A.B. asks: 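To start, I am sharing the structure in question, which I have written as structure tokens.
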Amino acid sequence: MLKIHGVARSRAFRCIWAAEEAGQAYEVVPVGFGPGLKAAVAGVNPNGKIPALQDGALTLFESLAINLHIAAKAGAPFMPAGDDASRVMQWTLWAATEAEPAHQQWGYNTYLLPAERRDAAAARAGAEALAQRLAVLEGHLAAGGPWLLGKAFTVADVNLAGVLYGSWMNGFDYGPFPRTKAWLDACLNRPAALAARKQREG
Ligand SMILES: N[C@@H](CCC(=O)N[C@@H](CS)C(=O)NCC(=O)O)C(=O)O
């Protein structure tokens, strides 16, 4: 049984979604935000953050790495082999290093921070940076699809859509990116995503 430490209202959402897609039994060990978070995860994540995963003797941190592990247990098509495995890594690293920093800059300054701590200029810069990345994604989806790797839905879709979920939920302007919007709609309305969203959105 996978043990996912965290709460659905954190990046643990992505891991819950991946476990649902993979059909892997899991339990959520509830660790919420607040002053006790670091102490509560001290044994499973030296970064003092959520999520963390325990799978037997294996302990992992980093939400997208956790998802790659969950997908590897399920095998193809969720975690394909060969060149497609490399494409999964490409989109996963792109999600973490290109999409997420821009997404977070926009998100913190539009809906995550208390209103008095939001910086409108930082929000605009984050939105511009995110739009640059989404233009790349839009071009990729125009050339193929319906999923990131083509015909098969893979963990790459969960990892990138999981990163973009907050902007999709919180009013980012996807108007200039209709293919990306359609792809996000399809990802986030899959039965496994809905099961995870139910835990998060209640
Ligand atoms: N890159 C990490 C980021 C983990 C992270 O920042 N988690 C947040 C919750 S979504 C957290 O634990 N924040 C509490 C803190 O930083 O004290 C991952 O993807 O797992």
Side-chain angles (χ1 to χ4, degrees), residues 2-22 24 26-55 58-73 78-79 88-114 117-119 122-123 126 129-130 133 137 148 154-172 184 187-188 192-193 195-202:
L2 302 174
K3 288 188 177 182
I4 299 170
H5 296 251
V7 283
R9 288 191 66 79
S10 73
R11 287 174 174 85
F13 167 76
R14 305 163 183 177
C15 306
I16 294 169
W17 179 12
E20 292 278 350
E21 291 283 357
Q24 299 273 321
Y26 69 94
E27 68 174 287
V28 176
V29 181
V31 180
F33 292 99
L37 188 152
K38 283 189 182 3
V41 293
V44 288
N45 189 344
N47 301 286
K49 294 186 176 187
I50 50 176
L53 179 80
Q54 285 180 294
D55 181 12
L58 175 70
T59 303
L60 280 179
F61 55 82
E62 282 300 324
S63 56
L64 303 186
I66 290 169
N67 283 2
L68 294 174
H69 171 74
I70 292 171
K73 287 171 76 85
F78 194 39
M79 174 58 101
V88 165
M89 296 299 171
Q90 170 194 277
W91 284 111
T92 295
L93 289 171
W94 191 83
T97 63
E98 295 290 334
E100 184 147 56
H103 185 277
Q104 290 301 93
Q105 185 175 349
W106 174 81
Y108 270 103
N109 291 290
T110 51
Y111 71 96
L112 287 167
L113 286 172
R117 290 177 53 202
R118 294 176 197 162
D119 177 335
L130 182 56
R133 274 69 180 181
L137 180 56
L148 285 179
T154 70
V155 67
D157 295 290
V158 173
N159 282 348
L160 184 52
V163 162
L164 296 175
Y165 165 70
S167 59
W168 179 82
M169 278 286 289
N170 290 285
F172 187 83
L184 276 172
C187 287
L188 288 159
R197 286 177 58 197
K198 191 171 170 198
Q199 296 179 48
R200 182 180 177 118
E201 298 165 22

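Numbering of ligands and ligand atoms starts at 1, following listing order. Excluded from the calculations below are hydrogen atoms, water molecules and symmetry mates; all remaining heavy atoms, backbone and side chain alike, are included. Just so we're clear, the structure is a prediction, and the values are computed from it rather than from any experiment.
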A.B. asks: If you have a sec, work out which protein heavy atom is nearest atom 14 (C) of ligand 1 and how many Å separate them, to one decimal?
C.D. replies: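 Of the protein heavy atoms, L37 CD1, 4.0 Å lies nearest.
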
A.B. asks: Please verify whether a non-hydrogen atom of L64 lies at under 4.0 Å from ligand 1.
C.D. replies: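 Under 4.0 Å: no for L64.
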
A.B. asks: Who are the side chain to side chain donor-acceptor pair (under 3.5 Å) partners of Q199, not counting sequence neighbours?
C.D. replies: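 Once residues adjacent in sequence are excluded, the partners of Q199 under the side chain to side chain donor-acceptor pair (under 3.5 Å) criterion are Y26.
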
A.B. asks: In the protein, what heavy atom is nearest to atom 17 (O) of ligand 1, and what distance, to one decimal place, separates them?
C.D. replies: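 Closest protein heavy atom to atom 17 (O) of ligand 1: K38 NZ, 3.2 Å.
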
A.B. asks: Around atom 7 (N) of ligand 1, find the nearest protein heavy atom and jot down its residue, atom name and distance.
C.D. replies: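 That would be I50 O, 2.7 Å.
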
A.B. asks: Side chain to side chain donor-acceptor pair (under 3.5 Å) with N159: which residues, sequence neighbours excluded?
C.D. replies: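 Partners of N159 under the side chain to side chain donor-acceptor pair (under 3.5 Å) test: N67, T92.
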
A.B. asks: Should S10 be counted as touching ligand 1, given the test is an N or O pair under 3.5 Å?
C.D. replies: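 N/O-N/O distance under 3.5 Å: no.
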
A.B. asks: Considering only the protein, which heavy-atom contact is closest to atom 1 (N) of ligand 1, and what is its distance?
C.D. replies: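 Sorting protein heavy atoms by distance from atom 1 (N) of ligand 1 puts E62 OE1, 2.8 Å first.
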
A.B. asks: Tell me whether F33 has any N or O atom under 3.5 angstrom from an N or O of ligand 1.
C.D. replies: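 N/O-N/O distance under 3.5 Å: no.
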
A.B. asks: V44 versus V31: any side-chain heavy-atom pair under 4.5 Å?
C.D. replies: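 Not in contact.
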
A.B. asks: What residue and heavy atom of the protein are closest to atom 20 (O) of ligand 1, and at what distance?
C.D. replies: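 Among all protein heavy atoms, the one nearest atom 20 (O) of ligand 1 is S63 N, 2.9 Å.
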
A.B. asks: In terms of ring plane angle, is the pair W94 and W91 parallel, tilted or perpendicular, where the classes change at 30° and 60°?
C.D. replies: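 Ring orientation, 0 to 90° scale: perpendicular.
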
A.B. asks: Quick check: are there more than 12 heavy atoms from other residues, nucleotides or ligands sitting under 6.0 Å from CZ of R9?
C.D. replies: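 Atom CZ in R9 is not packed in, count stays at 12 or less.
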
A.B. asks: Nearest protein heavy-atom contact for atom 5 (C) of ligand 1: which residue, which atom, what distance?
C.D. replies: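 Heavy-atom neighbour on the protein nearest atom 5 (C) of ligand 1: R11 NH1, 3.3 Å.
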
A.B. asks: Please say whether E100 places an N or O atom under 3.5 Å from an N or O atom belonging to ligand 1.
C.D. replies: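 There is no such contact.
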
A.B. asks: Quick one, V41 and I50 - any side-chain contact, counting heavy atoms below 4.5 Å?
C.D. replies: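 Heavy-atom side-chain distance check passes, below 4.5 Å.
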
A.B. asks: Is there side-chain contact between R14 and V163, with at least one heavy-atom pair below 4.5 Å?
C.D. replies: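 Side-chain contact under 4.5 Å: yes.
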
A.B. asks: Between R200 and Y165, is any pair of side-chain heavy atoms under 4.5 Å apart?
C.D. replies: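 They are in side-chain contact.
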
A.B. asks: Which residue and atom name correspond to the protein heavy atom nearest atom 16 (O) of ligand 1, and how close is it?
C.D. replies: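 Of every protein heavy atom, K49 CE, 3.5 Å lies nearest to atom 16 (O) of ligand 1.
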
A.B. asks: Any atoms of ligand 1 less than 4.0 Å from a non-hydrogen atom of P51? List them with their elements.
C.D. replies: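 Once the distances to P51 are compared, the set is 20 (O).
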
